[in-house]
Asker: 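One structure is given below, represented as structure tokens, and several questions about it will come after.
Given the structure is predicted, the values throughout are model-derived calculations rather than measurements. Throughout, a chain's letter reflects where its sequence line sits, starting with A, and its residues are numbered from 1. All heavy atoms count here, side chains included; hydrogens, waters and symmetry mates do not.
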There are 2 protein chains.
Amino acid sequence: MNKREFKDSVYSELAKITKSLANPHRLEIIELLAQGEYSVEQIAEQTHLPVANASQHLQVLKVAQIVDVNRQGNFIYYRLANANVFKTWRALRELGIERIATIEKLVKNFRKSKFDFESVTIDQLIKKIELGKVTILDVRPETEYNKGHIANAISMPLDQLSKRLKELPKCTEIVAYCRGPFCVFADEAVAILVKAGYKATRLEEGFPDWKIQELPVEISMN
Amino acid sequence: MNKREFKDSVYSELAKITKSLANPHRLEIIELLAQGEYSVEQIAEQTHLPVANASQHLQVLKVAQIVDVNRQGNFIYYRLANANVFKTWRALRELGIERIATIEKLVKNFRKSKFDFESVTIDQLIKKIELGKVTILDVRPETEYNKGHIANAISMPLDQLSKRLKELPKCTEIVAYCRGPFCVFADEAVAILVKAGYKATRLEEGFPDWKIQELPVEISMN
DNA sequence: AAACTATTCAATAAATTTATTGAATAGAAA
DNA sequence: TTTCTATTCAATAAATTTATTGAATAGTTT
């Protein structure tokens with residue numbers, strides 16, 4: 001094998017991996033699986049895809065070794081193959097947000113049109129935690145909280161929030177977080193909280209961004 | 001715009017960027033441009049592509065805002081749009097090396113079959129520099145050295161190395177580096193050096209990996 | 001064993017991407 | 001202006017990717 005053949009092989013293998021990511025539905029699946037494992041049916045539902053279609057996309061990711069599989073009873077659960085997958089997704093996400101004005105505008109306009117609140121970054125949240133003056137609120141579905149959440153965060157899925165407001169302290173600031181910068185659960189939570197007179201902001205990034213930085217995480221029994 | 005429309009727009013924009021990367025030739029172009037800017041003709045030559053074909057791929061990258069353009073006289077020079085592009089390339093590269101056994105095998109086998117030497121990582125090189133017992137050798141083409149190189153590195157392009165051996169000290173260890181883990185300039189240099197009785201190893205990563213970590217860099221005049 | 005269910009497979013048409021040509025263009029040089 | 005040259009464009013055929021459909025499969029449950 002000469003130099004050129006070697007390069008051709010390497011780049012074509014890398015392009016195969018990149019191609020497996022280069023589809024809107026598959027990117028959405030990857031972001032979902034960054035929260036934990038899901039069955040085909042659940043993935044299909046969350047991404048609004050027909051099941052056969054979701055399965056087909058999952059096969060593409062499986063062949064590229066982007067996801068791993070594990071069967072439990074009748075269901076087959078998919079999960080990200082490892083931390084590098086999320087790192088790559090995040091690099092793409094940041095590249096997109098920085099380079100493509102369209103994406104930044106989409107995110108800002110969508111958020112602003114509905115919830116014109118400030119947000120905090122992970123670094124800012126860490127400082128608030130050190131000062132001890134913050135309540136961290138996980139507003140994702142409870143199953144995702146159970147699979148892993150920011151240490152000391154309280155679980156209060158969006159659909160329960162309004163009824164459980166009294167459990168939250170009014171004296172300290174509340175920071176709500178969800179799946180990531182493209183997820184609006186936290187925005188909706190902040191809107192409810194602010195309206196009810198709480199001091200609340202959203203975390204810009206999501207739980208997987210926290211975890212990948214090896215910041216303190218807890219997992220619930222179950 | 002509702003939540004689903006918002007998500008569809010965001011993921012489809014991100015997929016567009018990802019698709020612009022998802023081609024072996026374009027990945028190779030990106031790795032080349034990580035060394036500095038090049039004209040269309042130079043890019044075509046380095047990647048063994050017909051000029052019209054290289055130009056076509058560059059248009060794809062330009063539309064996706066992965067590269068920027070700058071005209072000088074008759075030539076049009078392309079460069080990476082910003083640091084996030086290289087970060088994304090690196091994430092893909094690491095994902096590939098880790099997940100795809102084929103790539104790791106390709107790299108190891110190709111290197112081992114020709115140059116069975118050890119290599120050092122950037123972290124290891126930093127320690128050697130602190131101890132002051134290392135000569136750093138940049139074996140890329142001189143133009144790439146001039147556009148930026150590791151601080152205190154000596155430029156000795158591969159094709160000049162054999163004739164200029166006497167310029168190198170025999171008492172200290174030599175670490176040669178080149179474009180990155182898929183580039184074999186440094187392997188070839190180490191082979192020549194070891195044969196001539198020098199103590200030499202290659203740097204596993206390349207200059208852009210050094211630069212992105214904000215380690216000390218120098219740029220030559222001109 | 002039979003019935004059931006979550007998932008995968010297979011076949012097809014439509015859409016997209018790619019390589020290959022040769023012509024067109026835009027700016028530099030004469 | 002005319003000529004020259006690096007680059008881009010345009011058209012086409014081949015290859016690949018995608019959505020859609022309905023059937024097949026593998027493992028559970030009855």
Asker: Just by distance, with hydrogens left out, do A/S119 and A/E204 show a side-chain donor and acceptor under 3.5 Å apart?
Answerer: yes

Asker: Can you tell whether the side chains of B/E205 and B/R90 come within less than 4.0 Å, N to carboxylate O?
Answerer: no

Asker: At under 4.0 Å, does any side-chain N or O of B/Y78 touch on OP1 or OP2 of D/dT8?
Answerer: yes

Asker: So which pairs with a foot in residues 1-36 of chain B pass ring-ring contact (aromatic ring centres under 6.0 Å, His included), sequence neighbours left out?
Answerer: A/F110-B/F6, B/H25-B/H57

Asker: Check whether the side chains of A/Y78 and A/D68 place a donor and an acceptor atom closer than 3.5 Å, and report yes or no.
Answerer: no

Asker: Should the pair B/E28-B/R179 be classified as a salt bridge under the 4.0 Å nitrogen-to-oxygen rule?
Answerer: no

Asker: Any salt bridge between B/K147 and B/E144, counting N to O under 4.0 Å?
Answerer: no

Asker: Of the listed nucleotides (C/dA6, C/dT8, D/dA6), which one gets closest to any side-chain atom of A/Q59?
Answerer: C/dT8

Asker: Atom CZ of A/F75 to atom P of C/dT5: distance rounded to whole Å?
Answerer: 11 Å

Asker: To the nearest angstrom, how far is B/Q72 atom CD from D/dA6 atom C1'?
Answerer: 14 Å

Asker: Of all of residues 31-47 of chain A, which get a heavy atom below 4.0 angstrom from DNA chain D, listed by number?
Answerer: none

Asker: Answer yes or no: does atom CD of B/E5 have more than 12 heavy-atom neighbours from other residues, nucleotides or ligands under 6.0 Å?
Answerer: yes

Asker: Once rounded to the nearest 0.5 Å, what's the spacing between atom CG of B/L193 and atom CG of B/L161?
Answerer: 5.0 Å

Asker: Each nucleotide in nucleotides 17-30 of chain D should get exactly one letter: B, S or -. Can you fill that in based on protein heavy atoms under 4.0 Å?
Answerer: SSBBBB----BS--

Asker: Mind calculating the distance between CD1 (B/I76) and P (C/dA26) to the nearest angstrom?
Answerer: 11 Å

